[in-house]
Amino acid sequence: MSGTFVGMPAFPEAAHEAVNNPTLRGNLRHATHTIRAKRAKAVAEVSDWSALREAGKQIKDHTLRHLDRYLVRLEESVTAAGGIVHWAADADEANRIVARLVKETGESEVVKVKSMATQEIGLNEALEAEGIRAYETDLAELIVQLGRDRPSHILVPAIHRNRGEIRDIFTREMSEWGRPAPEGLTDTPAELAEAARLHLREKFLRAKVGISGANFMVAETGTLVVVESEGNGRMCLTLPETLISVVGIEKIVPTWRDLEVFLQTLPRSSTAERMNPYTSMWTGTTDGDGPQTFHLVLLDNGRTDTLADEVGRQALRCIRCSACLNVCPVYERAGGHAYGSVYPGPIGAILSPQLRGTASEIDASLPYASSLCGACYEVCPVAIDIPEVLVHLRERVVEGGPVTREGNKVVLKPAKGHAAERAAMRAARWAFARPGALRAGQRLASRTRRLHPRTLPGPGKAWSDSRDLPAVPAEPFRDWWQRTQGGKGDAK
């Protein structure tokens, strides 16, 4: 995976800046509360939601267990349908492949469908370095691009912007990228959408090369699927002469029938719709209809390393619905930029440290960007136990140990800054393994409880400033049990 956003500090420092921005917090609170309420209503309409959720989990787990087999079948199916398959081990290789394919067409500009994978590898920047300009056509991605900003949400990348800010961006920046914003543009949604439509239409009609991702790839038929709500995806997928799709290898499903599950769960969990307004599917090429050249770039970029982790691999089930972001109390207050990745929120806190490793300061801090409340697990349509993976990754950060990086088994050293935590855990392990020592410690703590401070000293002070330390009982439980014969003595 490509590096973090340039200059990003660790999550606590970045989040501290975000929580002190009242405009940002207001934008996030309004948007996340609105989306989560609509989602809950949409999901409640489906009587067999739990069964669909379990089916999605089982399909994804089965596919991941047999990923090698299904990837080969996908390549065969795409090739038979007239497409060309390329394999990219990492971001650099994927960017080189796409840049070469665009250059071979003789074009110097491309239109893009919203794609997390291309953001992950930094494709726009790589194309710009090769003299190729990429135009984002999703409305929120257009706002981010024109504002020289970074996405902060999986589904709504410009969730941190309000309508007034968007109007100012359009007025100031559109003319540098193409058709300028209309005179007297206001911040009403209809006018903003119309300004974007007029700005993008000429690009759709002019572009000869389109670049997309995909929500799903069907191994059985070689079909790719993109779901969206604006129609820009349909334009990018049908009008250009050449289509290049960059897709993570985990997006595969075995059969056409498997789509039946995800085309019910994804729209309800993401946009709170019964079905997406635009569901585009294409299989290779067809003479005289749509792009005449189709390239599929299959992206690994840390995914097979993640697959090697028996606990962490469940993150690869993710269908990018963003439901976990909308219920997360940490995301709601810190926003997406604090995560230093195109994958923010709870799913980003477990996916980015696995795709990129935990060597950087921010990646080592992401597993701690959670209260472990479990709300993310409850709403996940493929039942990813995000709290379980967070705790697993915290252990990796603190203790180090064997992991797979770039296909090789390596042993990570414990991260810096956790010496006190490791010492505390070792002391606890020693005490729990020695009942006599544990009993003596409990009695000592009870007898000296009047001397205990109300706040912790040193680094623990930040924790106890906002929390009450639990009171030590006057008598350890074991002593009480022996004295009362398991409570029988108190009953008398």
Please lay out, stage by stage, how Y343 and H153 fare under the test ring-ring contact (aromatic ring centres under 6.0 Å, His included).
CA-CA 8 Å; Y343 303 114; H153 191 278; over 10 Å; no

Do [X] and [Y] have side-chain heavy atoms sitting under 4.5 Å apart?
X    : Y    : result
I252 : R73  : no
L393 : Q354 : yes
H452 : L469 : no
K60  : I319 : yes

Identify, with sequence neighbours excluded, every residue that meets salt bridge (charged side-chain N to carboxylate O under 4.0 Å, His left out) alongside [X].
X    : answer
E475 : R483
R274 : E45
R320 : E250
D385 : none

Show me the donor-acceptor pairs, under 3.5 Å and distance only, between side chains in residues 364-383 and residues at least two apart or in other chains.
unit_1: S365; atom_1: OG; unit_2: F11; atom_2: N; d: 3.0
unit_1: S365; atom_1: OG; unit_2: I362; atom_2: O; d: 2.7
unit_1: S370; atom_1: OG; unit_2: L372; atom_2: N; d: 2.9

Do the ring planes of F477 and W481 sit parallel (below 30°), tilted (30 to 60°) or perpendicular (above 60°)?
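Answer is tilted, since the angle falls between 30° and 60°.
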
Given the rule in the salt bridge (Lys or Arg N to Asp or Glu O under 4.0 Å) test, do E273 and R39 qualify, once you have shown the distances and angles that lead to the verdict?
CA-CA 8 Å; E273 296 169 301; R39 177 202 171 275; over 6 Å; no

Check [Y] with [X], please: is the shortest side-chain N to carboxylate O separation under 4.0 Å?
X    : Y    : answer
E17  : R333 : no
E332 : R36  : yes
D61  : R313 : no

For T118 and K112, which I'm curious about, is there any donor-acceptor pair between the side chains at under 3.5 Å?
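There is such a pair between these side chains.
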
Taking atom types as modelled, is there a side-chain donor on N232 or K114 under 3.5 Å from an acceptor on the other?
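No, K114 and N232 have no side-chain donor paired with an acceptor closer than 3.5 Å.
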
With S280 via side-chain hydrogen bond (donor to acceptor under 3.5 Å, both in side chains) - residues at least two apart
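R234.
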
Side-chain donor or acceptor of [X] paired with backbone N/O of [Y] under 3.5 Å:
X    : Y    : result
Q314 : V311 : yes
N276 : T279 : no
N95  : A91  : yes

N27 versus I159, closest heavy-atom pair with distance
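Here N27 and I159 meet closest at CB-O, 3.8 Å.
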
Evaluate salt bridge (Lys or Arg N to Asp or Glu O under 4.0 Å) for R454 paired with D468, printing each intermediate quantity in order.
CA-CA 8 Å; R454 295 191 175 185; D468 292 328; over 6 Å; no

